[in-house]
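Report on one structure; see the data block that follows.
Below, chains carry the letters A, B, ... as their sequence lines are ordered, and counting in each starts from 1. As the structure is a computational prediction, the values presented were derived from the model and not from experiment.
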2 protein chains.
Amino acid sequence: MSTQRPLADDLGFLLSRASGVVARSVSEALAPLDLRVRSYSVLTFACEETAGMTQRRLAAIMALDPSQIVALVDELQSRGLVHRTPDPADRRNKIISATDVGHRVAQDAQQRIDRAYNGHFDHVPPERLDELRLLLREIAFSDTSSGEPQAQARDA
Amino acid sequence: MSTQRPLADDLGFLLSRASGVVARSVSEALAPLDLRVRSYSVLTFACEETAGMTQRRLAAIMALDPSQIVALVDELQSRGLVHRTPDPADRRNKIISATDVGHRVAQDAQQRIDRAYNGHFDHVPPERLDELRLLLREIAFSDTSSGEPQAQARDA
DNA sequence: AACTACCATTGAGATTGTCAATAATTGAAG
DNA sequence: CTTCAATTATTGACAATCTCAATGGTAGTT
């Protein structure tokens, strides 16, 4: 009566394995820029959003503890890649925005990552990648506990 | 000229986020059994495979450093969930096999995990989940550097 | 017997995850 | 205006994880 489905078919296991493989290769791709995956994520989010990207929102979107964001922003700020500005409307919020250098570094980083992705995703046709993206988004944000990507019909 | 594709559409980011969300909920589901995700994986692999599952193979399949397997097996063994038997053919290899208790605990764990998965995957129809599994397998094992799941046509 | 290669193991050091406590700020209630 | 609860960023402690180098035991080869 034991289901005993092989773990190699388990979605959680596969997700973890795939995520790990990709993250490792991204990590190598970013090493020359002295960036790690997390730093890159924060930097990139700081590049987007002309609106105010607070640390709290960063934590929510990245599904990280707010205290981890502090350290990440600290390092990026000390390297002159992002600004940390208190929100005039609510001075509890610190708004994270990329500097000019930050934008350039982020762009460089993204190109390196794209190159790294080739080794992983170029086997599979774009339509399937779109499908994958869709599914992952559903799973990653199904709880709605965090970042906004849920109902994606807006103005864009 | 900046591509500046939003990070929320990035496959690496989505993989990490989705993996994290699922892992967290699995972790909670296993807490009552005093198991974490990694321990469960080792235990489950020890349940499969009447053949010899060595620690080296565990490390390869789970994409972990061999030294981490040691600690995981140590704990499972101390709790009487797995055996660590030197391979008679090559005594360098330690074959990891689940005890009777181990099998029962693994089964219990799997049921709890399945229940936890309902919250994540029941939205999406089975065919799409199969497609997802397929894609993840390709990505997770594309390098062939590790565990065998590549050419899946065997005897089963 | 000497040598090379492999496996499990140990240990150190960095990175990350988790959680509680605190100061500053805000908004609302009295 | 004062008090109170809630929220944000921050700090610090501790556990868990990753990464890497070194070691002892074993196997196969020459």
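Comparing A/Asp74 and A/Arg24 against DNA chain D, the residue whose closest nucleotide sits nearer the 5' end is A/Asp74. Comparing B/Gln55 and A/Gln68 along DNA chain C, the residue whose closest nucleotide (by nearest heavy atom) sits nearer the 5' end is B/Gln55. Looking at which nucleotide of DNA chain C each of A/Arg92 and A/Ser67 is closest to, the 5′-most match is held by A/Ser67.
Phosphate contact (OP1/OP2 of D/dC18, side-chain N/O of B/Arg38, threshold under 4.0 Å): present. For D/dT10, the OP1/OP2 oxygens have a side-chain nitrogen or oxygen of A/Arg84 closer than 4.0 Å.
Rounding to whole angstrom units, CD of residue B/Glu75 and P of D/dT17 are separated by 10 Å. If you take CZ of B/Arg36 and C1' of D/dA15, they are 9 Å apart, rounded to a whole angstrom. In this structure, B/Asp34 atom CG and D/dA15 atom P are separated by 16 Å, rounded to whole Å. To the nearest angstrom, P of D/dG28 lies 11 Å from CZ of B/Arg91. When the C1' atom of D/dA27 is taken as reference, atom CG of B/Asp87 falls 12 Å away, rounded to whole Å. What separates CZ of A/Arg57 from P of D/dA9 is a distance of 11 Å, to the nearest Å.
Residue-level contact check: A/Asn93 touches the backbone only, with heavy atoms under 4.0 Å from sugar-phosphate atoms and none from bases. Residue contacts for A/Asp90: at a heavy-atom cut-off of 4.0 Å it reaches the sugar-phosphate backbone alone, with no base atom in range.
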Please determine whether salt bridge (charged side-chain N to carboxylate O under 4.0 Å, His left out) holds for the pair B/Arg24 and B/Glu28, giving the CA-CA distance in whole Å, both sets of side-chain angles, and the decisive distance to 0.1 Å. CA-CA 6 Å; B/Arg24 185 183 307 254; B/Glu28 291 172 11; 5.9 Å; no
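Classification of A/Glu138 and B/Arg128 as a salt-bridged pair holds, one side-chain N sitting under 4.0 Å from a carboxylate O.
Note: B/Phe13 and A/Phe45 have perpendicular aromatic rings, judged against thresholds of 30 and 60 degrees for the angle between ring planes.
When each of A/Arg112, A/Arg104, A/Gln111, A/Gln110 is checked for a side chain to side chain donor-acceptor pair (under 3.5 Å) with A/Asp108, only A/Arg112 meets the rule.
Inter-residue side-chain proximity for B/Arg38 and B/Leu64 is flagged as met; some heavy-atom pair is nearer than 4.5 Å.
In summary, contact between chain A and DNA chain C, defined as any nucleotide atom under 4.0 Å from a heavy atom of the protein, begins and ends at C/dT15 to C/dT26 in the 5' to 3' direction.
For the atom pair A/Ile95 CD1 and A/His83 NE2, the distance stands at 13.0 Å (nearest 0.5 Å).
With sequence neighbours left out, B/Asn93 forms a side-chain contact (heavy atoms from CB on, under 4.5 Å) with B/Thr54, B/Asp87, B/Asp90.
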